[in-house]
Structure formats: C-alpha cells, structure tokens
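Naming convention: chains lettered A, B, ... in sequence-line order (proteins, then strands); numbering from 1 in each chain. Given the structure is predicted, the values throughout are model-derived calculations rather than measurements.
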Amino acid sequence: MTAIMEMRSITKTFPGVKALSNVNLSVAQGEIHAICGENGAGKSTLMKVLSGVYPHGSYDGDIHYEGDTVAFKGIADSEHRGIIIIHQELALVPLLSIAENIFLGNEITHGGVIDWPETYTRTRELLKKVGLSEAPTTPVGKLGVGKQQLVEIAKALSKKVKLLILDEPTASLQENDSQKLLDLMLELKSQGITSIIISHKLNEIRRVADTVTVLRDGATVSTMSTPISEERIIRDMVGRDMESRYPDRVPKIGKVLMEVEGWNVWHPEQAERQMIKNVSFNVRAGEVVGIAGLMGSGRTELAMSVFGKSYGQNISGQVKIEGQLVDTATVNRAIDAGLAYVTEDRKGLGLILEDPIIRNTTLSALQKVSTRSVLDRGAERQVAEEYRRALRIRTPGVFQQVMNLSGGNQQKVVLSKWLFTDPKVLILDEPTRGIDVGAKFEIYNIINELAAQGRGIVMISSEMPELLGMCDRIYVMNEGAFVGELTREDASQERIMSMIVRGDKHGGH
Amino acid sequence: MAVTETPTMGSYLRSNMREYGILIALVLIMVFFQVATDGTLLRPVNLTNLFLQNSYIIIMALGMLLVIVTGHIDLSVGSVAGFVGALAAVMIVHWQLPVPVVFVACLLAGAVIGAAQGYWIAYWRIPSFIVTLAGMLVFRGLTLWLLEGASVGPFPKLFQSLSTGFVPDFFRDEKPNLTAMILGALAAAAIVWLSVRARARHQRYGIEDEPFVVFAVKNALVCFALLFISYLLATYRGLPNVLITMAVLISAYTFLTQSTTIGRRIYAIGGNEKAAKLSGIRTDRLTFLTFVNMGMLAALAGMIFAARLNTATPKAGVGFELDVIAAVFIGGASMSGGSGKIVGAVIGAFIMGVMNNGMSILGIGIDYQQVIKGLVLLAAVIFDVYNKNKQG
C-alpha cells in the first residue's frame, strides 16, 4: 500500500523541553493507524504538528501528504487538504443546533444568507452516515458525550475528510458508545477514509487498527502491523531506564491510619455518570501508598471527593481515621479529622498566587497564629520562616509573592500550608508535576521524612517510575474503579500498565 | 538571590507607588481647589460641610471595599440607603416610635436586606451584579411605596444629631472649641504611638521595609493634617458627631481587614476562591456575611443622610452606589478581588468628595462635573493597571 501521509524526522522543542525528537510516522492509504504512548510521550504534540496547530517553521522535519511536501500554516490549511483532527475536548458549541455546529464557519450560503433547507438536508445525510437519527435542530448540549463525538465526525465528513485524526475518542465514553464509535471507524475505512487513532485501550486498538506506532519520551519506539502483540506494546510504552533516582528509605509501617470503604461518586453535572465505583483502600502509619492510573481514570476525583466532598455528588461510603468513623463532608471537617490534600493544580487550586509565601503558609490554620481571631504577625512570621528553612524554599524572603517562585518552590509552599495543619494523612496529587529533576528529589525526601514521622501518605502519580521508586504499596485505578493492588516487590511498570489496559486483575503475563 | 531587607528610598516609593500616589493625588487636588477657590475650600464652615456631605459615602465605601475584595459588587446600596431612611421617617414621624428603637430596628432591617441579597449570591451563586441590580430596583420602588411618593419629615433633634450634631465643648463657651482641639491632638498622638509601636515590632521580626525618612515624613504629615483640621473645625462649631462615627468605623474596619483572621480569609476568597475553599475557608458563609455587613452600613448611611436633610425623600440615595464604587476603585481595589485597603477607599471617597465640593464652589456645571469625575475614575484605574504591568 502507498503512504497517504509521511512525517520524517519531526523535532519540536518548547522552551526548555524537547517534546518530539526525530519522530517518523508513515500512514498507509486507507488504513487505521493507532498511536500509543504514556501521558507526555508526545502523541498529541505530533498530531498538532500534523494538523498545523503548530505551524510550519515552528518544528524541524518534513511532512509529505498525497505525494506533496506540505507546509501548513494553520488548521485551515490542513482542513483544506482533508486532514481533520477531533480533539479530546470536543470543540462544539453546546447551545447551537447540530446543523449549526456541523456547518459552523463553513455555512451553506447564497449571498451571505444561510440556506437553511439545504443545510438541514445535508445535515440529515451526514447524521445518517454516522448512525444518528436526531433532528438537525437539536441543541448539541442536549446530546450525550458519545453522540457529540459522532456529531464531530459528521462535521469532519462535511469537510470531505481524507485523513481523520481522533485523539483518545473513547476516553470519556461508555462501553456501548465506544463500540459504536469503533464500528463507525471501520465503516469509514471501508469507504476509503484513512484514520489515525490515539488510544490507551489495547483491546480497542487490536479491534480496529492495522498498524500501531508506539511513542515514548518524544521518540518513535516501534511500528508494528497485524497481528498486534499487546505485550510488545506495553513493553515499548514503558520500557525506559529508571534514570531519575529515589532516596532510600527503610519503611516503619504501623497500624492502619485511614480506611476508605465502598466509596461511590457521581459526576457533578451529569447525574447518571458514575465517576468512582465502589473504591476501598487504606493507608498505614509510616506508609507511602501509590495510586496509579492514566489521566481521567478518576484518581483526582477520588481524592477530592474524600477531602471535604470537594468533587461530585451523591457521594456514599465511609472514611475511618484510626478506626473511628469520621465526617469529611466539608473541607473543615476533613482537616479536623487529620486529612490534607495537596492538589495537582498548584496554581489554580493550591495557592493564592498574588499573596506572599507567609500568607499562603498559614491560610489553612490561621487559628494557630491568632488569639481570639486577632492575628499575631510575629508568630505568623516565625511559622513561615520555620517551614521555609525546613523545606528549603529558595526565596529572598517569606514576603515574596508565590507567583514569582519556581514550580518546585511553589509546591513546597503548598506542602508548608498542609504540614502546618499537622495532618495524619496527606493525599499528594501529582506532587512532582512540572518540577525539575533536582527539586523532585527534594520533594521525595520531604515525603519520606513525613512518612518517617508516622504520617500516612497517599501518592497519586502518572509517572510510574516515581510510584515504583517511592511507594510501599500501589493501587491501580482505571475508569473509576480499583483494578488491582501490588506490593512494592510485585510491582513493575509492565504489570501496572497491563492491569490498566487489559483490566487484568493479576497483571501477569 | 540577594536579600534586600531595607530597600533604598527611591525603590521603596516606586514599589508602593499606588498607596502613596493616591494620597499625593488627594493633597494635590486639595491644593488646586484651595488656590482656585481663593481659600474657600478649607474655610472652617466648608470643611465641616465636606465631612457632613461625604460621611455616608465613606461609611458605605467601608462595606463596599469588603464586597469588592471578595470579588463581588453591590449596586443596591443607594436604594437600600434611601429605603432605610424612608423606613426611619415612617417609624419616627408616622408611628411616633422612640429614636433609639428606630435606630436599632433600621440597622437590623439593613442587615436583613443584606442577608436577603447575600443568600442568593453566596449560596446559589447568582452573580452579584444581577442580584443587586434587582435589589436596586426593588428598594427604590419600596421607598416610593413607603413614602407614598411624598417627603416625610421633619425629625426630632435626637435623630438629627446623627448627622448635624456637634460634640459640645466641655471646657468653655468660646471659640476655638477646646474639646475638638484636644481630641484632634489625642488622635494624632494615638496614631504616632501606634505606628511607632508597630514599626518597633516589625523591626524585631525583621519585616520592616519602610525607610525611616518615609516613616517620619508620613507621620509628621498625618499629625499636621489632623491638628490643622481639628483647629479649623474648632474655630467653627467643633467636631461633627458624624466625624466621630466615621473615625471609629474606619479604625474598626482597618483593624478587621488587616489584623483578624476574618479579614485575612476575605482577602483569600478574592485572591483565589477555589484555593481558599480547599484550604478549609467557608467561602460561601463569609461572602454572605460581607453582604449582611454591607446592608447594615447602607442602613446607617441612609439614616445619616435622612438626618442631614431632616426629611426622607423618594429621591434619597439615587446614584450613591456609583460614588461608593468609584471611591473603592480609585482607592486601589482590584475588580477581580483580593486586593484593596480601607485607607485607600477612604482616600478615594475624599478625592471624589473634594472634587464635588470644589467644582461646585467654582460654579462648574453638573454636566462638566460628571465628565471630570468619570475621567478621574478612569485615570486612577489606568494608573493601577499600568503600574501592575510595569512590575509584573
């Protein structure tokens, strides 16, 4: 088969980071080509290069398409040639109708006036092709996520698509919606449309893909055709050296500190969508427990729903601290019960960026630096200085605005804030995201120190080596449920990935 | 990075440009009008009027600052002030209730009105702009209904003394009023004592960054201004009661915002509501309380205004909300919440007040006055944004 599209030695750098280095990708005419890789492997970046989101000139390398060397300056250029990308976050306007969305920016007009009869006729044809029977006037916001996805595809078809790119199309879909979508992909393939699908789900890939390319750390690792070996994909996805080091620790694990039992959470807006499904876990004194899983697997939702019901609705389940049933229905009560939650979104949810370090440090426990609600500035200053020294926050002074600090130092300020509440259990959500290697090591040291003090640590991370290097025990989470639990000795990247992508309880080979 | 605990004077003034800038602006505006009006501006009688005229704006600006710091707005304060003034008039003039009872009942009515609006804003997350716009219409209408379209008055002496009363001279019967001068001197001494003590404490913790020269000049100017103003007032009728009310409230709210956990939490809500909530701050309850507080201060302002006119009119309070909001923004508060100081809002209110007064003395038409006030508000905010961009 001839290649419809070929990318040769694509290199793309962002300030300070090489996102793609010498990536090659060749997609044959009429096939379904799957791209696999961990979070941050460079899949989405590669697709953005292809579709012109990153314009020609902002990357190195060549793109050949239908026999030409192309230089897209924007999405309009690539769409003009029939390359259409459907992003993970759908780009539909919820209040507009299906027909209006499909022809948005591409309206059927006569002298500037929209031809509605023609628009509706064409919409009906397109909807039929993707298997939808909704009226073209239905507002898109009234449709479920699965149907919205199909509307996106109908929109792509309206633009005479030749190469359709789907970025994790089934990530937010229910099982039967996913099946419908995959069927549609095969149907489009039979009509001669070439597709690229980015996905983590190996069963789906095996079902539809003709060829699989695995990316890791911004480079092509392998390309394989049918028959596709799941073991090989998993190995190629994770098979990197443990380059960063983790401080040694001799765990002194005590009695059970926190237990969560039968935890269920529903989506805050879509009441019928269950985000956390009957999850139970525990953490002991002095123990570092990991929660592994891909983005969107429900780890943050689990943590935030436990911490003061800060996420979701219809929450049910029990939380026990030191064997006692505790109420964690508000953040205050969760803090009083001895919980702390260090958010993954430092800037959005963790810090008041315009405030200085000192104010951020004491925010969660102001009563400790005040008498009868009157602040004691001296005591506050002492506290802030103490944590600055203890956590080695590098700053000219505690009156520095936190927005001027590096990611690592900002994270230390967030940790200071929670340590000042003297929690029994800390839930750390992606504690080293966006932090450079040196600062990561310091954060790891702090985590070990906290465990050594007899606190329980729950560590959520998308970086598997980090979990393997730090945790005594790892829970594996996928699609809102725990799919496995591994001890430090049993855990390996292959086993975790295998549990995630195959729903395999034992992670064995 | 080098640790610079005591910056040079130039860099200190530059980084605190906003705070000193607005004070300097007020002084310049006063000097300008003092010259332009041939000294009328600071004549004792005019100075007394200046305080009486602006007291209700300043009192409402204190509450509005808190509302704006949490990231909200209250458009209803003018109507609420008018409504409570009318309520007071009906209770006193028609129902013949005793003044102290009416005073307390009206403050409570203000709190209830604030609660009724704050409830939707804080717990239902309905934008404050909408809720208080509705409140603005509702209470304007209720004022008309309550007064049946006519003015109600006059008030008994005790009620009038809320605004037009003066602190009597306890020492002698001739001018200048000795009590006023002694109180002025005491206030100046108290301010100096407090700031010296604060400076010593800050130095002990190593958190003082104000150069001594700035500290000394600032205190000297404040003392001079206080003594000068109290002398001027003493040569007329002494200290107006409302000036004492204002001074007490300004001190209380400065303390609340700067030195209490509640104040700190209110700023945190405006800075990043989600982070504040995840830090265990009950953001909805505090937001609710800022509106209750605003309602009470609007009620107090409404009574003072009615007392000053000695009658409650259906037009009372029209457009007050704009002056109050403008004062807070001129005073350096940020539209997005999280920043702004009581002192700034008070100075902002005085800038508006002095301009109103000065332009009226000069006989500038109401048309030009509005244009000039609008431009001053715009200039103050542009200056703010410009400074922020330069620093950031």
Side-chain angles (χ1 to χ4, degrees), chain A residues 304 307-308 310-311 330-336 339-343 345-356 358-360 362-382 384-385 394-404 414 417-418 421, chain B residues 1-7 15-16 69-71 125 197-210 252 255-286 333-334 336-340 388 391-392:
Chain A
M304 287 186 66
F307 188 67
S310 303
Y311 173 88
T330 69
V331 175
N332 271 316
R333 290 181 210 164
I335 293 173
D336 290 344
L339 282 183
Y341 170 64
V342 174
T343 166
D345 183 1
R346 254 193 316 274
K347 294 182 178 176
L349 302 177
L351 293 167
I352 296 172
L353 289 172
E354 295 197 347
D355 274 358
I358 180 168
R359 284 183 168 222
N360 276 288
T362 54
L363 189 61
S364 286
L366 279 175
Q367 70 283 356
K368 285 191 178 180
V369 287
S370 57
T371 37
R372 271 177 259 109
S373 290
V374 178
L375 290 167
D376 180 344
R377 296 288 178 76
E380 188 180 22
R381 160 98 189 200
Q382 275 175 0
E385 287 291 353
R394 274 178 266 296
T395 159
V398 293
F399 291 91
Q400 183 73 232
Q401 286 183 314
V402 293
M403 64 202 274
N404 296 329
V414 179
K417 175 173 79 176
W418 288 113
T421 67
Chain B
M1 239 186 283
V3 179
T4 49
E5 286 292 347
T6 317
S15 59
N16 290 277
V69 162
T70 59
R125 315 218 132 250
R197 221 180 54 152
R199 186 177 171 82
R201 201 171 53 227
H202 289 174
Q203 272 171 342
R204 209 160 56 239
Y205 304 133
I207 56 177
E208 185 56 66
D209 62 349
E210 194 180 45
F255 180 74
L256 178 86
T257 52
Q258 299 301 310
S259 303
T260 67
T261 55
I262 296 172
R264 179 67 64 80
R265 287 177 179 142
I266 287 174
Y267 281 90
I269 292 174
N272 184 344
E273 186 179 352
K274 287 177 182 164
K277 193 161 191 168
L278 272 182
S279 299
I281 291 170
R282 296 171 69 177
T283 52
D284 38 14
R285 193 180 62 161
L286 264 183
S334 146
S336 55
S339 70
K388 223 179 203 171
Q391 277 175 16

Worksheet entry | Test applied, side-chain contact (heavy atoms from CB on, under 4.5 Å); reference residue, A:L366; option that passes from B:I281, B:I262, B:T261 |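 When side-chain contact (heavy atoms from CB on, under 4.5 Å) is applied between A:L366 and each of B:I281, B:I262, B:T261, only B:T261 qualifies.
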Fill in: Within 6.0 angstrom of B:R282 CZ, more than 12 heavy atoms from elsewhere
no
Contact part of [X] toward chain B, heavy-atom cut-off under 4.5 Å: side chain, backbone, both or neither?
X: A:R333; answer: neither
X: A:S370; answer: side chain
X: A:K417; answer: side chain
X: A:M304; answer: side chain

Which atom pair, heavy atoms only, marks the closest approach of [X] to [Y]?
X: B:K274; Y: A:L349; result: CB-CD2, 3.4 Å
X: A:S364; Y: B:S279; result: OG-O, 3.0 Å
X: A:L363; Y: B:A268; result: CD1-CB, 3.7 Å

Practice prompt. Sort B:Q258 into side chain, backbone, both or neither according to what part of it lies under 4.5 angstrom from a heavy atom of chain A.
Written response: both
Worksheet item: Taking every heavy-atom pair that is under 4.5 Å apart, which of A:L351, A:D376, A:D355 has the most such pairs with chain B?
Response: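 Top count of heavy-atom pairs under 4.5 Å with chain B: A:L351.
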Practice prompt. I would like to know whether A:I352 and B:Y267 meet side-chain contact (heavy atoms from CB on, under 4.5 Å); could you show each step before the answer?
Written response: CA-CA 10 Å; A:I352 296 172; B:Y267 281 90; over 6 Å; no
Interatomic spacing from [atom1] in [X] to [atom2] in [Y] - rounded to 0.5 Å:
X: A:E354; Y: B:N272; atom1: CD; atom2: CG; answer: 10.0 Å
X: A:Y311; Y: B:L278; atom1: OH; atom2: CG; answer: 14.0 Å
X: A:T362; Y: B:R264; atom1: OG1; atom2: CZ; answer: 5.0 Å

